[in-house]
2 protein chains.
Amino acid sequence: MEKSIDQLLKKSRLSVTESRVRILELFFSQPGALAHGDIEKKTGEKFDRVTVYRTLQVFLAKGIIHTIPTNDNSIRYALCREACEEGHHHDNHVHFVCNDCGSTTCLEEITIPVIKLPKGYASSQVEMIVSGTCRECKK
Amino acid sequence: MEKSIDQLLKKSRLSVTESRVRILELFFSQPGALAHGDIEKKTGEKFDRVTVYRTLQVFLAKGIIHTIPTNDNSIRYALCREACEEGHHHDNHVHFVCNDCGSTTCLEEITIPVIKLPKGYASSQVEMIVSGTCRECKK
DNA sequence: GTAACTGCAAAATATTTGCATCCTT
DNA sequence: AAGGATGCAAATATTTTGCAGTTAC
């Protein structure tokens, strides 16, 4: 694990620092998406709030993570898959937001259906967010 | 126009005040979605920032408008269609966000395709956001 | 050794709350 | 007249920026 995180950072021409490694570990350790606040808490407030902001911005710019739009104010971040490259995302999977526990999950197994846009529109990215009750909360 | 806005407010058991009427007129006067800042500007900063916040919250609660999730931080608001009722939205149309001019449009004519969720998930709402270049910017 | 990264302080923004006053019904 | 809505002030929360010290390479 350590190894692959190292490599991921190096591949993106970023230096391997403690905060970056810890935050990436966090993302790899769970299937869902994380909001800024989650990251602060789950790293035990070890890193400065500003460092978290900057780290997320760098990861975004390098195409390591992507944002997931949500109805409430909070932006969530999730790991990109292989296909993502710097400045060019291809996350054509569905995101699920649970209204009970608030967790956001990437439903990798579901592909977003292709829709036909009205004349004159060109699409570069499609997002699909399903909200409801997740597997855990439904039990 | 005046008339129907009046009726809309009355139907929602809200008193008819200048700010509410002006803000609703704004929504009706254009096809897209508006962010908080847009509303402040387009009303000529006539109303207190706090009033705009509170007005939007009330409209949301009454099911007059709904939020559109976006990748960037900004929440957009758009009018609900007939089918929306208090606390229960049915906006199963696609939203289009233009990366050039930043406008958000409701593509009423396109219905979100139904997808099959993995076992154990229950969906209450589905959002679909397409981003790219809109009709105006493509010209 | 140098460039990049971090933490602290502080600035800039955004959002919420309390309360007195004003407007709608 | 009574209740709700607004505006102002101020409290909170969120995000950004500058800079000096530290760390990775």
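Quantities reported herein were computed from a predicted structural model and do not represent experimental measurements. Just so we're on the same page: letters track the sequence lines, and every chain starts at 1.
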Legend entry - Net bend of the helix from C:dG1-D:dC25 to C:dT25-D:dA1, end axes of five pairs each, nearest 10 degrees: 40°
Inset, instruction - Starting from C1' on D:dT22, measure out to CZ on A:R20 and report it in whole angstrom. - result: 14 Å
Legend entry - Side-chain N,O (B:T17) to OP1/OP2 (D:dG4) below 4.0 Å: no
Legend entry - Main-chain N/O of B:S15 paired with B:R20 side-chain donor or acceptor, under 3.5 Å: yes
Legend entry - Value in whole Å for how far the P atom of D:dT16 lies from CZ of A:R54: 11 Å
Legend entry - Side-chain N or O of A:Q57 closer than 4.0 Å to phosphate OP1/OP2 of D:dT15: no
Legend entry - Distance, rounded to the nearest Å, where A:E18 contributes CD and D:dA24 contributes P: 9 Å
Legend entry - A:V50 with A:L34, same ILVMFWY side-chain cluster at under 4.5 Å: no
Inset, instruction - Rounded to the nearest angstrom, tell me the gap between atom CD1 in B:I5 and atom P in C:dT24. - result: 16 Å
Legend entry - Residues within residues 34-49 of chain A bordering DNA chain D, heavy-atom distance below 4.0 Å: A:R49
Legend entry - Of the listed nucleotides C:dT15, C:dT6, C:dA9, the one nearest the side chain of A:T55: C:dT6
Legend entry - Exercise: do A:T104 and A:R76 side chains pair donor with acceptor under 3.5 Å: yes
Inset, instruction - Nearest 0.5 Å please: distance from the CD1 atom of B:I110 over to the NE2 atom of B:H95. - result: 11.5 Å
Inset, instruction - Specify the separation, in whole Å, of atom CG of A:L56 and atom P of C:dC5. - result: 15 Å
Legend entry - B:L14 CG to D:dG3 C1', straight-line distance once rounded to whole Å: 14 Å
Legend entry - Shared hydrophobic cluster for B:I5 and B:I64 (ILVMFWY, side-chain gaps under 4.5 Å): yes
Inset, instruction - Using a heavy-atom cut-off of under 4.0 Å over every strand shown, decide if B:V58 touches base, sugar-phosphate, or nothing. - result: nothing
Legend entry - Rounded distance (nearest 0.5 Å) linking atom NE2 of A:H66 with atom SG of A:C80: 5.5 Å
Inset, instruction - Any chance you could measure B:L24, atom CG, to B:I65, atom CD1, to the nearest 0.5 Å? - result: 8.0 Å
Inset, instruction - Consider only side-chain heavy atoms of I, L, V, M, F, W and Y, link residues closer than 4.5 Å, and tell whether B:M128 and B:F96 are in one cluster. - result: yes
Inset, instruction - Could you tell me the separation between the OH atom of B:Y53 and the P atom of D:dT12, rounded to a whole number of Å? - result: 17 Å
Legend entry - B:V16 or B:V50, whichever maps to the more 5' nucleotide of DNA chain C: B:V50
Legend entry - Heavy-atom side-chain proximity of A:Y121 to B:T105 below 4.5 angstrom: yes
Legend entry - Whole angstrom value for the distance that separates P of D:dT15 from CD1 of A:I75: 7 Å
Legend entry - Residue-phosphate contact under 4.0 Å: A:S15 side-chain N/O, C:dA4 OP1/OP2: no
